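Start at 1 with the first residue, then count along the sequence. Here the structure is a predicted model, which means the values were calculated and not measured. Order of listing sets the numbers, starting from 1, for every ligand and every atom in it.
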Amino acid sequence: MFNSELELVSHHLCPYVQRAVITLLEKDIPHQRTYIDLSNKPDWFRQVSPLGKVPLLKVDHEVLFESAVICEYLDEITPGSLHPADSLMKAKHRAWIEFGSSILNTIAGFYNATTADAFEQKRLDLVDKFTWIEHHWQGELYFAGDEFSLVDAVYGPIFRYFDVLDTIADFQVFAITPHVRNWRQALRSRPSIQQAVSEDYPQQLRTFFTQRNSYLSRLLFLNIA
Ligand SMILES: N[C@@H](CCC(=O)N[C@@H](CS)C(=O)NCC(=O)O)C(=O)O
């Protein structure tokens with residue numbers, strides 16, 4: 001079927017990298033992973049990464065960037081598909097994947113907010129975004145029914161943030177979104193999603209949060225004290 005050597009240039013906490021790892025695992029694709037320090041990017045990485053971001057996928061001597069592109073490529077080179085065949089449905093899935101990226105930006109705003117007001121505003125933005133999904137939910141176990149899709153590969157890493165955030169406080173982000181809560185639970189049980197990060201991911205993410213010098217860092221400090 002497919003003879004190229006694949007290497008995913010990665011970072012332990014990156015949710016965009018996780019999308020690619022989940023796709024690799026779902027499609028059972030042999031690959032290597034190389035982890036880099038994003039606060040001290042190696043020269044070889046700067047030379048091949050146009051945006052200076054992970055994930056990158058090296059395919060023999062070619063380099064792909066942008067997680068959505070990488071996931072679609074991995075999906076296309078292997079049997080079966082994690083995208084719908086119908087063009088309109090495929091476009092819809094891509095749109096909700098893009099929405100997932102905007103949720104990730106809001107999550108970053110949430111853990112970086114420096115004041116209680118800014119933090120609360122980001123919390124409300126998250127509630128609002130998940131409420132959009134709730135109102136448009138047509139899925140069952142997964143986004144497209146019983147079949148796992150690339151949309152699920154995007155939201156698994158999003159929900160994973162809240163597994164750690166839930167240990168700090170109850171931020172009530174999913175209080176009014178029962179379908180989203182069930183979806184979160186289904187994705188948490190999926191082996192590819194569980195295996196997309198290392199066992200010490202929760203501790204690494206907590207450490208990352210404490211280093212933000214943000215409102216959440218202070219909550220975490222109080223939580224530990
Ligand atoms: N749109 C990109 C976003 C990737 C991204 O933001 N990666 C972050 C880590 S999670 C990164 O590499 N940041 C390094 C930097 O911006 O310097 C994608 O979907 O691949």
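Of the polar atoms of Arg19, none of the N or O atoms is found under 3.5 Å from an N or O of ligand 1, judged by distance alone. Note: no N/O pair closer than 3.5 Å links Leu38 and ligand 1 by distance alone. At a 3.5 angstrom cut-off on N or O pairs, Tyr16 does not count as close to ligand 1.
In terms of protein heavy-atom proximity, atom 12 (O) of ligand 1 is closest to Val54 N, 2.8 Å. The protein atom (non-hydrogen) at minimum distance from atom 1 (N) of ligand 1 is Glu66 OE1, 2.8 Å. Distance from atom 10 (S) of ligand 1 to its nearest protein heavy atom, with residue and atom name: Cys14 SG, 2.6 Å. Of all protein heavy atoms, the one closest to atom 20 (O) of ligand 1 is Ser67 N, 2.9 Å.
Classified by interplanar angle (parallel below 30°, tilted 30° to 60°, perpendicular above 60°), the ring pair Phe174/Phe130 is tilted. In this structure, Phe209 and Tyr111 have tilted ring planes: the angle between them lies in the 30° to 60° band. In this structure, Phe143 and Trp137 have perpendicular ring planes: the angle between them is above 60°, well past the 30° mark.
The proximity of His11 to ligand 1, defined as any non-hydrogen pair under 4.0 Å, does not occur for either the backbone or the side chain.
For ligand 1, the atoms sitting less than 4.0 Å from at least one non-hydrogen atom of Lys41 are 14 (C), 15 (C), 17 (O), numbered in the order shown with element in parentheses. Here is the list of ligand 1 atoms found below 4.0 Å of a heavy atom in Lys53: 4 (C), 5 (C), 6 (O), 7 (N), 11 (C), 12 (O), 13 (N), 16 (O). Near Pro55, meaning under 4.0 Å from any of its heavy atoms, are these atoms of ligand 1: 20 (O). Using a 4.0 Å cut-off to heavy atoms of Gly52, the atoms of ligand 1 that qualify are 14 (C), 15 (C), 17 (O).
Both Trp44 and Leu51 are members of a single hydrophobic cluster when ILVMFWY side chains are connected at heavy-atom separations under 4.5 Å.
For the residue pair His31 and Glu7, no side-chain donor N or O sits within less than 3.5 Å of a side-chain acceptor on the partner.
Between Arg190 and Asp152 no salt bridge is recorded (no basic side-chain N to carboxylate O distance below 4.0 Å).
Tyr201 carries Arg160 over the face of its six-membered ring, with the cationic atom under 6.0 Å from the centre and within 45° of the normal.
In this structure a side-chain-to-backbone donor-acceptor pair under 3.5 Å is present from Gln194 to Arg188.
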